[in-house]
Amino acid sequence: MNTTTAPAVTTAPAPAAAGAEAAGPGAVPDLLARPHLVGVAEPGMQGLALWLAGSGATVTGTVPDRLADSPEVAALRAAGVHVDVGHDAAHLPTGASAVVWSGVVAEPQPELDRAQKLGLPVLGRAEALTEIAAAAGARTVAVGGSHNTATAAAALAVALGDSARFILTAAPRGGRAGRAAASPGTGRLVVDFCPDAGTHEATPPFGWQGRPRPHFVRHRPEPAVALILTAGANQPHFEDNPAGLDAAERLATVAERVVLPLWDTGAVNLKARLADRAERGLPSPFAYTVGRDPGADVWVMPIEWTGTAHRVTIRYGGNDHTYLLPVPGRSHALAVCAAIATALVMGEDPAAVAERLAGFHGVERSLAALGIEKGVSVVDSRARHPEEIAADLADAVRTAAATGGSVVAVLEPDGLARTRAHGTEIGRALEGAGSVLLLPVHTPLARVLDVTDPLVAIEQAAREKLGKGAVRRLRSGPREPGFEQQIAALAAPGDLVLLIGPDHGVAARLGRRLLFHLAAPTTPVPRQL
């Protein structure tokens, strides 16, 4: 490996840092000194709570009954977060400085009602992150996009070393989603600004009186670097591609430098927008590109799978550096390459980055191999967006083909709003699977809304690609076999079962049960006389 340190700038000098003496990432804004987090164990909220508690804030929070004994709650309590089970006005402590909530909470919310009556600031997760990043100033490293940021954000946090602190939507495998500074004012803060994976629904109009009006954020973040991976539609957060692109532009224009991967069409469009801003004399960051073409500022050469890791050579500043990335999946390896590019742009030593990432195996539930029984492999995927589902499925198909098998894709769509908006795209993303099994849509609104089944669009689009007999729904009921039995009946030796779904859904809990069922000895049925 060539370990010559790449220069901090490739094509032109970056502008001088603004606000370099701002408070460091160990400084908690007064607004969040004693926060109460509603839905504290939801994806995205965990990292926020862990960072706040580690930074000296007095953090309380609540979770629904179904998560009372979850590993997430145990980790939060071990970090000093006081967690109550159930949503009750009495759980909002006296003296709370603000309430932060995750939109996954769908039913009437007494804690938020009480907060409004008391005149407490009520913030969404995005507003809380904005306050923290603004306090951290130029020490902030922002990761953003309409979707698909989890792997890159976690990889970047690892690539920057032990001095880096982070607030992530998904934890590195075997790690945590949030880490605070040992002392105020030290280290850089990596913040994943991608929409919280738990805020995928809208409050029912006839339920609670509506989402609380978010507290007005008076400050804005001014990160030294922003890595923006995607810019496109992602309902209900971004209605269409222009909306996703607008959000990416807003984040890019408050940063000093921005890193854009050219394999995403939205990022290419953002690059053009930023160039146009610069031509018109409007504030614009210094943009670096990372891509698979030699013309990119950071060139990612062909990626090779060695059997245990992806080998990739990256050229930056005229020097080549080779990395072994044990993260599964080519799309996730590319996300790690974007993180590496960002670290190099920040002036990190390439050899140190390679050493740190040698132990990075991706984020939890991201193409995680759960085991093999009777020749059937079981793999977990946390993909939600159609592009994420298509990428994970393509990797699973390549893996299964190596053993002469096919993929049994078990999909639990995430959210009624997303499934209605992207159903056809999700169905088409399943092309390549040998068979598709559909679970009911994961949503906290299922019990309070009477709506047309959004699975229909996925089912129709998938059947157009795979044929009617290859797509079916998994049924539940007293006379139906368990989901694991229905899946096992379709899987043959050499096949790969890909379980796709959100962290707290049914699919996320199916893997171990399926492996146990596959391993169980078959008892012959005695012949009737």
Do any N or O atoms from the side chain of [X] and from the backbone of [Y] form a donor-acceptor pair under 3.5 angstrom?
X	Y	value
R173	V327	no
R165	A180	yes
S381	I500	no
T230	S146	yes
D414	P502	no
S97	L31	yes
R512	L370	yes
H91	G86	yes
E127	G124	yes
E239	A233	no

Taking the side chain as C-beta and beyond, is there a heavy-atom pair between [X] and [Y] under 4.5 Å?
X	Y	answer
P223	V254	yes
V143	T342	no
L227	V290	no
L439	L510	yes
H504	E72	yes
P43	T169	no
I132	L52	yes
D392	H332	yes

From [X] [atom1] over to [Y] [atom2], what is the distance, rounded to the nearest 0.5 angstrom?
X	Y	atom1	atom2	value
R176	L168	CZ	CG	11.5 Å
T419	I458	OG1	CD1	5.0 Å
R473	L455	CZ	CG	4.5 Å
L229	T149	CG	OG1	7.0 Å

Give the minimum heavy-atom separation between [X] and [Y], together with the two atoms involved.
X	Y	result
D240	A243	OD1-N, 3.0 Å
A177	F166	O-CD1, 3.7 Å
V73	A41	CG2-CB, 4.2 Å
V81	A53	CG2-CB, 3.9 Å
D380	R365	OD2-NE, 3.2 Å

>> Please check if the number of heavy atoms outside D30 that lie under 6.0 Å from its CG is greater than 12.
In response: no
> In this structure, are over 12 heavy atoms from other groups packed under 6.0 Å from R77 atom CZ?
Replying inline: yes
> Under the side-chain contact (heavy atoms from CB on, under 4.5 Å) criterion, do S331 and T151 qualify, and how do the steps go?
Replying inline: CA-CA 10 Å; S331 64; T151 297; over 6 Å; no
>> Run the side-chain contact (heavy atoms from CB on, under 4.5 Å) test on D503 and R382 for me, step by step, so that the C-alpha distance in whole Å, both residues' side-chain angles and the decisive distance to 0.1 Å come before the verdict.
In response: CA-CA 7 Å; D503 289 344; R382 64 194 313 274; 3.1 Å; yes
> In terms of ring plane angle, is the pair H385 and H422 parallel, tilted or perpendicular, where the classes change at 30° and 60°?
Replying inline: tilted
>> Under a plain distance cut-off of 3.5 Å, with no hydrogens placed, do H147 and E388 share a side-chain donor-acceptor pair?
In response: no
> Can T60 and H36 be counted as having a side-chain donor-acceptor contact under 3.5 angstrom?
Replying inline: yes
>> Before you tell me yes or no, could you show the steps for E249 and R277 under side-chain contact (heavy atoms from CB on, under 4.5 Å), namely the whole-Å CA-CA distance, both residues' side-chain angles and the distance that decides it to 0.1 Å?
In response: CA-CA 10 Å; E249 183 178 0; R277 287 179 62 92; 3.2 Å; yes
> Out of V59, L37, V83, which one pairs with L76 under the side-chain contact (heavy atoms from CB on, under 4.5 Å) rule?
Replying inline: V83
> How would you list, by chain and number, every residue that makes a salt bridge (Lys or Arg N to Asp or Glu O under 4.0 Å) with D246, sequence neighbours excluded?
Replying inline: R273
